[in-house]
Amino acid sequence: MVKATIQLPASKSISNRALIINALGKGIYSPENLSDCDDTQVMIKALTEGKETIDIMAAGTAMRFLTAYLSVTPGERTITGTARMQQRPIQILVNALRELGAEIEYAGNEGFPPLHIIGTELKKNEITLKGNVSSQYISALLMIGPVLKNGLTLHLSGEIISRPYINLTLQLMNDFGAKAAWTAPNRISVAPQPYESIPFTVESDWSAASYWYQIAALSSKEEIELLGLFHHSYQGDSRGAEVFSRLGITTEFTAKGVKLKKTGNAPKRLDEDFVDIPDLAQTFVVTCALLNIPFRFTGLQSLKIKETDRITALRNELKKLGYLIEEENDSVLMWNGERCEPEQTPMIQTYEDHRMAMAFAPAAIHYSNLQIVEPQVVSKSYPNYWSDLKQAGFQVICEE
């Protein structure tokens, strides 16, 4: 029996956007219930310390959002990060900002951090990007739109792959008094209308909630309540609740959050397109395999370039539990029920990927001697994950 009331971490996606928007609007209120994850703490530090050299460590979101923010904020600064961060490309964003009039120089290798930025007034107001670039580039540009003299018109060419994250940015911008919207299928317009300072509370993280839905699905009996989730959520990953309903887990919204209920229903197989919810793929791959539900999951092309190659990582680690997962075209994972001999003491590698650790830990319900290597990776998005599992009655052996 798993019984727990969990205060989920605040949404990292909303926290990071709210911090940038609030800073651009020179807000008199601080956003409440901010995420305590690494990425958000780095952002808070950068925005409050006022240092000339800003070290965002491994926080990719902070690197992208702050690059745009610093471009329109008076002052001269250098933004840098870990050795790995200095290998992550940022040229697409830098080129776009330069096109608008930003003063940015590479302080190291061309196309990569560190960056030397002089804040200035950007006079141009129109730009075109490919729709399949990181949505964080698009969001970084959109958020500075309201403070530009002539606003911003952003054209996105070709297929747009992360629309829910772009919509999340637009909704938050409008919450803070901006005027930003899709004005054509591939065009977003932002009016030169400054942000307002408003009190704002960050919603809990639906991606983090997915691991508790997974625990409910894998348990024989459960009473799980998750606090701080909203019925009408801005987060694309809230769609996970609907997918889990097909695996027999229903969601009851309360004044405090949600209560999960197990119906006992399960499908013969599950087919799903994850193009809009890639961060939930690991949760559902592990859940379906352990429930013995064959699946075919498409739209996984972004998994290859996340914290690790998540497609390969999932196949490697599920094999240790006795499941042979197939891949297709670098964008599809499928399982037709094929098994192999599981390892006696499966040691799950996490590949510096927080979601590998969190998606595999619930497998301890079926594999009591499961071990998770480098469990501290969860601090990227859910620092209290292990203590929350303990509260729910888990004993997961974690190898440092």
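Sequence positions, counted from 1, serve as the residue numbers for this chain.
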Can you tell if the side chain of [X] reaches within under 4.5 Å of the side chain of [Y], non-hydrogen atoms only?
{"X": "Leu70", "Y": "Leu115", "answer": "no"}
{"X": "Ser381", "Y": "Met358", "answer": "yes"}
{"X": "Met57", "Y": "Met63", "answer": "no"}
{"X": "Ile365", "Y": "Leu290", "answer": "no"}
{"X": "Pro362", "Y": "Val286", "answer": "no"}
{"X": "Cys288", "Y": "Phe297", "answer": "yes"}
{"X": "Gln349", "Y": "Lys320", "answer": "yes"}
{"X": "Arg163", "Y": "Trp182", "answer": "yes"}

Original post:
Around atom CD of Glu52, are there more than 12 heavy atoms of other residues, nucleotides or ligands at under 6.0 Å?
Top reply: no

Original post:
More than 12 heavy atoms of other residues, nucleotides or ligands under 6.0 Å from NZ of Lys262: is that the case?
Top reply: yes

Original post:
Passes salt bridge (charged side-chain N to carboxylate O under 4.0 Å, His left out), Glu126 versus Lys124? Steps please.
Top reply: CA-CA 6 Å; Glu126 200 152 348; Lys124 291 186 182 164; over 6 Å; no

**OP:** Applying side-chain contact (heavy atoms from CB on, under 4.5 Å), run through Leu172 and Asn174 and close with a yes or a no.
**Re:** CA-CA 5 Å; Leu172 290 169; Asn174 290 327; over 6 Å; no

Side chains of [X] and [Y]: donor-acceptor distance under 3.5 Å anywhere?
{"X": "Thr183", "Y": "Ser189", "result": "yes"}
{"X": "Thr201", "Y": "Asn33", "result": "no"}
{"X": "Asn16", "Y": "Thr40", "result": "yes"}

How close do [X] and [Y] get, counting heavy atoms only, and between which atoms?
{"X": "Ser15", "Y": "Ala10", "result": "OG-CB, 4.2 Å"}
{"X": "Phe394", "Y": "Ala361", "result": "CE2-O, 4.3 Å"}
{"X": "Leu168", "Y": "Ser13", "result": "CD2-CB, 3.7 Å"}
{"X": "Met173", "Y": "Leu142", "result": "CE-O, 3.0 Å"}

**OP:** Any chance you could lay out the side chain to side chain donor-acceptor pair (under 3.5 Å) test for Glu76 and His116, step after step, and finish with the verdict?
**Re:** CA-CA 8 Å; Glu76 193 169 333; His116 183 72; 3.0 Å; yes

Original post:
What class does the angle between the rings of Phe274 and Phe284 fall in, given that below 30° is parallel, 30 to 60° is tilted and above 60° is perpendicular?
Top reply: tilted

Original post:
For the residue pair Phe295 and Trp335, does the interplanar ring angle fall in the parallel (under 30°), tilted (30 to 60°) or perpendicular (over 60°) class?
Top reply: tilted

Check [options] against [X] for a side-chain contact (heavy atoms from CB on, under 4.5 Å) and give me the one that passes.
{"X": "Ile117", "options": "Ile54, Thr67, Leu97, Val94", "answer": "Thr67"}
{"X": "Tyr213", "options": "Thr251, Thr283, Thr287", "answer": "Thr251"}
{"X": "Leu154", "options": "Asn186, Asn125, Ile138", "answer": "Ile138"}

For [Y], is there an ion pair with [X] - N to carboxylate O distance below 4.0 angstrom?
{"X": "Arg296", "Y": "Glu328", "answer": "yes"}
{"X": "Arg310", "Y": "Asp353", "answer": "yes"}
{"X": "Arg246", "Y": "Glu272", "answer": "yes"}

So, the side chain of [X] versus the backbone of [Y]: is there a donor-acceptor pair under 3.5 Å, distance only?
{"X": "Arg187", "Y": "Thr153", "answer": "no"}
{"X": "Ser204", "Y": "Leu227", "answer": "yes"}
{"X": "Trp212", "Y": "Ile224", "answer": "no"}
{"X": "Asp273", "Y": "Val275", "answer": "yes"}
{"X": "Asn150", "Y": "Lys123", "answer": "yes"}
{"X": "Asn109", "Y": "Phe112", "answer": "no"}
{"X": "Ser210", "Y": "Ser207", "answer": "yes"}
{"X": "Glu196", "Y": "Gly25", "answer": "no"}
{"X": "Gln214", "Y": "Ala359", "answer": "yes"}

**OP:** Calculate, to the nearest 0.5 Å, the distance between atoms CD1 and CD1 belonging to Ile90 and Ile79 respectively.
**Re:** 7.0 Å

Subject >> side-chain contact (heavy atoms from CB on, under 4.5 Å) assessment of Glu225 paired with Thr254 >> reply: CA-CA 9 Å; Glu225 185 175 13; Thr254 68; 4.1 Å; yes

**OP:** Determine, step by step, whether Tyr106 and Gln91 satisfy the side-chain contact (heavy atoms from CB on, under 4.5 Å) criterion, reporting the C-alpha distance in whole Å, the side-chain angles of both residues, the deciding distance to 0.1 Å, and the verdict.
**Re:** CA-CA 10 Å; Tyr106 294 109; Gln91 191 156 24; 3.6 Å; yes

**OP:** Give the cluster check for Ile348 versus Trp386: same hydrophobic cluster or not, with ILVMFWY residues linked at side-chain heavy-atom distances below 4.5 Å.
**Re:** yes

**OP:** Could you check Ser139 against Thr169 for side chain to side chain donor-acceptor pair (under 3.5 Å), going step by step and ending with a plain yes or no?
**Re:** CA-CA 6 Å; Ser139 291; Thr169 302; 2.6 Å; yes

**OP:** Sort out for me which residue in Asp36, Asp205, Asp39 forms a salt bridge (charged side-chain N to carboxylate O under 4.0 Å, His left out) with Lys12.
**Re:** Asp39

Original post:
What's the verdict on side-chain contact (heavy atoms from CB on, under 4.5 Å) for Tyr165 and Gln136, showing C-alpha distance, side-chain angles and the deciding distance?
Top reply: CA-CA 8 Å; Tyr165 283 108; Gln136 290 181 10; over 6 Å; no

Subject >> cation_pi(Arg339, Tyr323) dist<6.0 Å, angle<=45 >> reply: yes

